[in-house]
Amino acid sequence: MADTLKVNMKKIVFIIGILSVGFFTACNKELSDNFTTYNGHPLNDTIWARNVPSTASVHDLFTNLRPGFIVDSFDVSIGNTFRFGDSLEISFGPGSAVGQGTSGVPPGMSKLEIMPLKRKGDFIRTYRPTTDSKQNLLETGGGYFLRVSKDNQELTLFKGATLKIKFNDVDTPKQNMQVFYGQEGIPAPIKGIDTSFFWVRDFDTTALPLWYTFSNNPLVPSYFGYEILSKNLRWVVAEKYLDSTRPKTKITAILSPNFTNKNTAVFAVFANSKTIVELKGDYPSRSFNTKNIPLGTTLKLISLSKIGGNYYLGVKDISSVAIVTSYTIVPVEHSLSYIISYLNKL
């Protein structure tokens, strides 16, 4: 019997038992006792980084998760209105886009790239949690990444010009949404995670107008959404602050030692609002946590990992967030396509 147990234990790759407080202060020997080692395999790496390097596999993970672009073109000197089948309408006025650092409108056709942010999974795949610079919580109605370029030079909006974006909310539209823009790192990384990113509200805090087209024909969808007059290109969304008066708490996610801040990211996905919060890696405790979660919130904790060439997804359903809470997540290996499909359904 003892020999059989030893054989079975060697087949266990990840820890599924209870992690005690001693885990947080464990020495290397204690960590190595908790999982099977594999010669030359990245699963052996349980070392957290005080500062996650740009070469860490978690950056590769989100480069591979990022959605693709819708691509079109137009003459910026003339302007154009683009209409798409899902009710999206984007309007550029004549001469509204210019070269960075200049006042000149480049002649000829320019390239337009569009990335929708419609569902909760889109905000995860792009690593754009719905929080501001102080980690205050936002509820989003969706938005877009919009880039205009000419001869590989990115353009900006002319001072005083606006861009109209009219789009459908895949959920029930909410009153009192406002315009928010993405504040990126300088320079914004081309690949991987922008760890400096947060959302910032427009100086004009006027509530966005709602619009709808109602159809009695079951074969023709009805659309309900928002209209934004944006002063910026790139990240533009409809958002509003969640109720700040509700009592809040800190939540902590614990994973087995193989899943570190170098290969894993964790998000809290609210059930009753389009709100996505990053649980940041905490080096001293070797865990992921976040504050400002309202008590009683129903949510999912979702972990995403890339270790070597393998991908992992962990999901923990929480029916009601309690006062002092830590949760154990058990990641399961899946294909990248499976993980993308799961996120697209959130």
Side-chain angles (χ1 to χ4, degrees), residues 11-14 16 38 41-45 52 54-72 84-86 88 113-130 140 142-147 167-171 189-195 197 221 235 237 253 255-256 258-271 274-279 281 288 299-318 328-346:
K11 294 181 180 180
I12 298 176
V13 177
F14 305 116
I16 309 178
Y38 297 85
H41 198 286
L43 278 170
N44 295 331
D45 184 3
V52 178
S54 60
T55 56
S57 63
V58 70
H59 289 282
D60 291 335
L61 168 63
F62 282 90
T63 295
N64 296 339
L65 284 175
R66 178 164 290 194
F69 291 104
I70 301 168
V71 180
D72 214 316
F84 300 88
D86 65 349
L88 172 62
E113 296 171 285
I114 306 168
M115 183 189 297
L117 298 169
K118 304 297 291 291
R119 301 183 181 277
K120 299 172 187 177
D122 296 331
F123 286 83
I124 293 175
R125 292 180 63 187
T126 55
Y127 215 103
R128 297 294 182 256
T130 58
T140 183
Y144 290 85
F145 174 85
L146 301 165
R147 180 166 56 206
F167 65 96
N168 174 59
D169 192 338
V170 294
D171 299 314
I190 298 175
K191 296 182 179 180
I193 300 169
D194 184 352
T195 57
F197 185 92
W235 304 97
V237 295
L255 290 79
S256 63
N258 317 81
F259 297 91
T260 71
N261 60 346
K262 295 185 300 186
N263 58 38
T264 297
V266 181
F267 299 91
V269 181
F270 286 34
K274 201 148 42 181
T275 300
I276 302 92
V277 183
E278 176 193 5
L279 277 69
F288 299 84
L299 55 80
K300 292 179 185 289
L301 290 180
I302 296 178
S303 69
L304 301 165
S305 308
K306 181 177 184 290
I307 303 178
N310 300 323
Y311 296 88
Y312 301 84
L313 169 68
V315 180
K316 178 72 174 181
D317 288 298
I318 302 169
T328 299
I329 302 178
V330 182
V332 177
E333 183 179 349
H334 289 288
S335 67
L336 180 63
S337 60
Y338 176 92
I339 293 174
I340 290 174
S341 176
Y342 175 83
L343 295 175
N344 286 344
K345 295 173 184 176
L346 288 177

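Index from 1, following the sequence.
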Roughly how far, to the nearest 0.5 Å, is [atom2] of [Y] from [atom1] of [X]?
| X | Y | atom1 | atom2 | result |
| --- | --- | --- | --- | --- |
| D122 | R66 | CG | CZ | 12.0 Å |
| L65 | I124 | CG | CD1 | 9.5 Å |
| T264 | I329 | OG1 | CD1 | 9.5 Å |
| L336 | L313 | CG | CG | 11.0 Å |

Any side-chain heavy atom of [X] sitting closer than 4.5 Å to one from [Y]?
| X | Y | answer |
| --- | --- | --- |
| L61 | I193 | no |
| K262 | V58 | no |
| L146 | W235 | no |

By ring-ring contact (aromatic ring centres under 6.0 Å, His included) - contacts of F270 (at least two apart): none

Distance-minimising heavy-atom pair for [X] and [Y]:
| X | Y | result |
| --- | --- | --- |
| E278 | P129 | N-CB, 3.8 Å |
| Y312 | P331 | CB-CB, 3.9 Å |
| K306 | S57 | O-OG, 2.7 Å |
| A265 | F62 | CB-CE1, 3.6 Å |
| N263 | N258 | ND2-O, 3.1 Å |
| I70 | P116 | CD1-CG, 4.2 Å |

N64-Y311 side chain donor-acceptor pair, cut-off 3.5 Å: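 Yes, because at least one side-chain N or O of N64 sits under 3.5 Å from a partner of the opposite role on Y311.
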
Test item: S303 side-chain N/O and V266 main-chain N/O as donor-acceptor pair under 3.5 Å: no

Check against ring-ring contact (aromatic ring centres under 6.0 Å, His included), F197 and Y127: CA-CA 9 Å; F197 185 92; Y127 215 103; 9.5 Å; no

Passing option when D169 is tested against K118, R119, K274 for salt bridge (Lys or Arg N to Asp or Glu O under 4.0 Å): K274

Stepwise side-chain contact (heavy atoms from CB on, under 4.5 Å) test for F267 and L301: CA-CA 6 Å; F267 299 91; L301 290 180; over 6 Å; no

Please list every donor-acceptor pair under 3.5 Å in which a side-chain atom of residues 338-346 meets a protein atom from a residue at least two apart or in another chain.
residue	atom	partner	partner atom	Å
N344	OD1	R125	NH1	2.9
N344	ND2	I340	O	3.4

Residue that, paired with R128, satisfies side-chain contact (heavy atoms from CB on, under 4.5 Å) out of V237, D194, T140: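 The option that passes is D194.
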
Stepwise side-chain contact (heavy atoms from CB on, under 4.5 Å) check, L299 with V269: CA-CA 5 Å; L299 55 80; V269 181; 5.9 Å; no

Intermediate values then yes/no, side-chain contact (heavy atoms from CB on, under 4.5 Å), V330 and K316: CA-CA 8 Å; V330 182; K316 178 72 174 181; over 6 Å; no

From CA spacing to verdict: side-chain contact (heavy atoms from CB on, under 4.5 Å), F123, L117: CA-CA 6 Å; F123 286 83; L117 298 169; 3.8 Å; yes

